[in-house]
Amino acid sequence: SKAVKRYGVSGARGEAQADFPHVVCVGLPALWAARNRGLAEDHARLDALMAIMAELDDTCVLHRGGAKALAATKQGAREVLLVGGTGTQRGYEALMALDKRLSSLGVSPGGSGDLIAATLFLDSMVPGFNL
């Protein structure tokens with residue numbers, strides 16, 4: 001709640017009140033698109049996580065690392081996707097660089113983690129369904 005107030009973001013409560021847009025409009029479409037491209041399931045899930053991380057104002061990151069850490073999180077996740085995603089050598093290298101960067105900043109994208117879990121839960125309820 002401190003990060004919500006300090007940075008003017010919606011946080012978990014706002015995400016829920018808005019019907020989980022980062023799950024429905026970001027996570028699920030990214031997951032399904034990755035599968036449709038023939039990616040292995042682990043890479044499809046990681047790419048969906050990267051898509052969420054690239055868009056979400058993650059209050060876990062903001063609370064521990066501030067705006068600088070959030071910008072690094074979003075940019076790093078975008079970079080993973082821009083170079084081909086986690087199923088490519090360049091994407092994997094970008095993912096490892098992002099992991100190292102976030103570790104050096106002392107942050108973990110917990111909000112994004114919660115939302116990928118919700119994405120995978122909804123996906124499991126109606127396998128193969130596309131919005």
Side-chain angles (χ1 to χ4, degrees):
S1 63
K2 289 179 183 178
V4 168
K5 289 177 185 174
R6 182 172 182 190
Y7 297 100
V9 296
S10 63
R13 180 174 292 163
E15 184 77 15
Q17 289 172 334
D19 298 326
F20 297 96
H22 288 91
V23 172
V24 176
C25 300
V26 179
L28 285 170
L31 179 65
W32 295 331
R35 286 178 181 154
N36 287 338
R37 289 192 313 274
L39 291 182
E41 187 64 18
D42 57 340
H43 293 295
R45 291 176 177 195
L46 281 169
D47 283 2
L49 174 60
M50 293 299 105
I52 292 169
M53 288 171 59
E55 299 295 326
L56 183 68
D57 291 330
D58 193 315
T59 54
C60 291
V61 173
L62 281 169
H63 177 71
R64 292 190 179 141
K68 178 182 174 182
L70 181 62
T73 300
K74 288 182 170 187
Q75 182 56 41
R78 285 186 199 110
E79 182 66 23
V80 171
L81 296 172
L82 284 172
V83 298
T86 61
T88 68
Q89 183 63 37
R90 288 182 64 207
Y92 177 78
E93 290 167 0
L95 178 64
M96 293 299 99
L98 174 59
D99 179 59
K100 186 176 180 178
R101 175 75 171 131
L102 298 184
S103 292
S104 74
L105 293 169
V107 298
S108 174
S112 298
D114 292 342
L115 294 178
I116 193 62
T119 297
L120 296 173
F121 172 74
L122 287 180
D123 177 66
S124 75
M125 300 305 293
V126 188
F129 178 74
N130 284 305
L131 293 176

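Every value quoted in this text rests on a predicted model; they were computed, and no experiment measured them. Just the heavy atoms: all of them, side chains too, but no hydrogens, waters or symmetry mates, feed the values below.
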Trainee: Restricting to non-hydrogen atoms, name the atom on Val107 and the atom on Ala69 that form the minimum distance, rounded to 0.1 Å.
Mentor: CG1-CB, 3.9 Å

Trainee: Please name the pair of heavy atoms, one in Pro109 and one in Val61, separated by the smallest distance, quoted to 0.1 Å.
Mentor: CA-CG2, 3.7 Å

Trainee: Write out all pairs satisfying side-chain hydrogen bond (donor to acceptor under 3.5 Å, both in side chains) with one or both partners inside residues 87-97, taking only residues at least two apart or from two chains.
Mentor: Gln89-Glu93

Trainee: Can you list, pair by pair, the side-chain donor-acceptor contacts under 3.5 Å of residues 16-26, counting residues two or more places apart and other chains?
Mentor:
residue : atom : partner : partner atom : Å
His22   : ND1  : Glu15   : OE1          : 2.8
His22   : ND1  : Glu15   : OE2          : 3.3

Trainee: Between Asn36 (side chain) and Trp32 (backbone), is there a donor-acceptor pair under 3.5 Å?
Mentor: yes

Trainee: Run the salt bridge (Lys or Arg N to Asp or Glu O under 4.0 Å) test against Arg101 and tell me which residues pass, sequence neighbours left out.
Mentor: none

Trainee: Looking only at non-hydrogen atoms, find the nearest pair between Cys60 and Gly111 and report the distance.
Mentor: SG-N, 3.6 Å

Trainee: Side-chain heavy atoms under 4.5 angstrom apart, residues restricted to Ile, Leu, Val, Met, Phe, Trp, Tyr: same cluster for Leu46 and Leu39?
Mentor: no

Trainee: Rounded to the nearest 0.5 Å, how far apart are CD1 of Ile52 and OG of Ser112?
Mentor: 6.5 Å

Trainee: Distance-only, no hydrogens or angles: does the Asp47 side chain make a donor-acceptor pair with backbone N or O of Thr86 under 3.5 Å?
Mentor: yes

Trainee: Given Asp123 and Arg35, is the side chain to side chain contact (heavy atoms under 4.5 Å, CB included) satisfied, shown in steps?
Mentor: CA-CA 12 Å; Asp123 177 66; Arg35 286 178 181 154; 2.8 Å; yes

Trainee: Test: side-chain hydrogen bond (donor to acceptor under 3.5 Å, both in side chains). Region: residues 72-82. Which pairs qualify, not counting sequence neighbours?
Mentor: Asp57-Lys74

Trainee: Under 4.5 Å between any side-chain heavy atoms of Leu102 and Met53, yes or no?
Mentor: yes

Trainee: Looking only at heavy atoms, what is the nearest atom pair of Leu49 and Gly113, with distance?
Mentor: CD1-N, 4.4 Å

Trainee: Linking I/L/V/M/F/W/Y whenever any side-chain heavy atoms sit under 4.5 Å apart, do Met96 and Met50 land together?
Mentor: yes

Trainee: CG of Leu70 to CZ of Arg64: how many Å apart, nearest 0.5 Å?
Mentor: 14.0 Å

Trainee: Going from CD1 on Ile116 to CG on Leu31, what distance comes out if it is rounded to the nearest 0.5 angstrom?
Mentor: 6.5 Å

Trainee: Just verifying a value: how many Å separate Lys100 NZ and Leu98 CG, rounded to the nearest 0.5 Å?
Mentor: 12.5 Å

Trainee: For Ala40, enumerate each residue passing the side chain to side chain contact (heavy atoms under 4.5 Å, CB included) test, keeping only those at least two apart in sequence or located in another chain.
Mentor: Asp42, His43

Trainee: Between Gly27 and Ala48, what is the shortest heavy-atom contact and its length?
Mentor: O-CB, 3.7 Å

Trainee: Working to the nearest 0.5 angstrom, can you tell me the gap between Leu56 CG and Leu115 CG?
Mentor: 5.5 Å

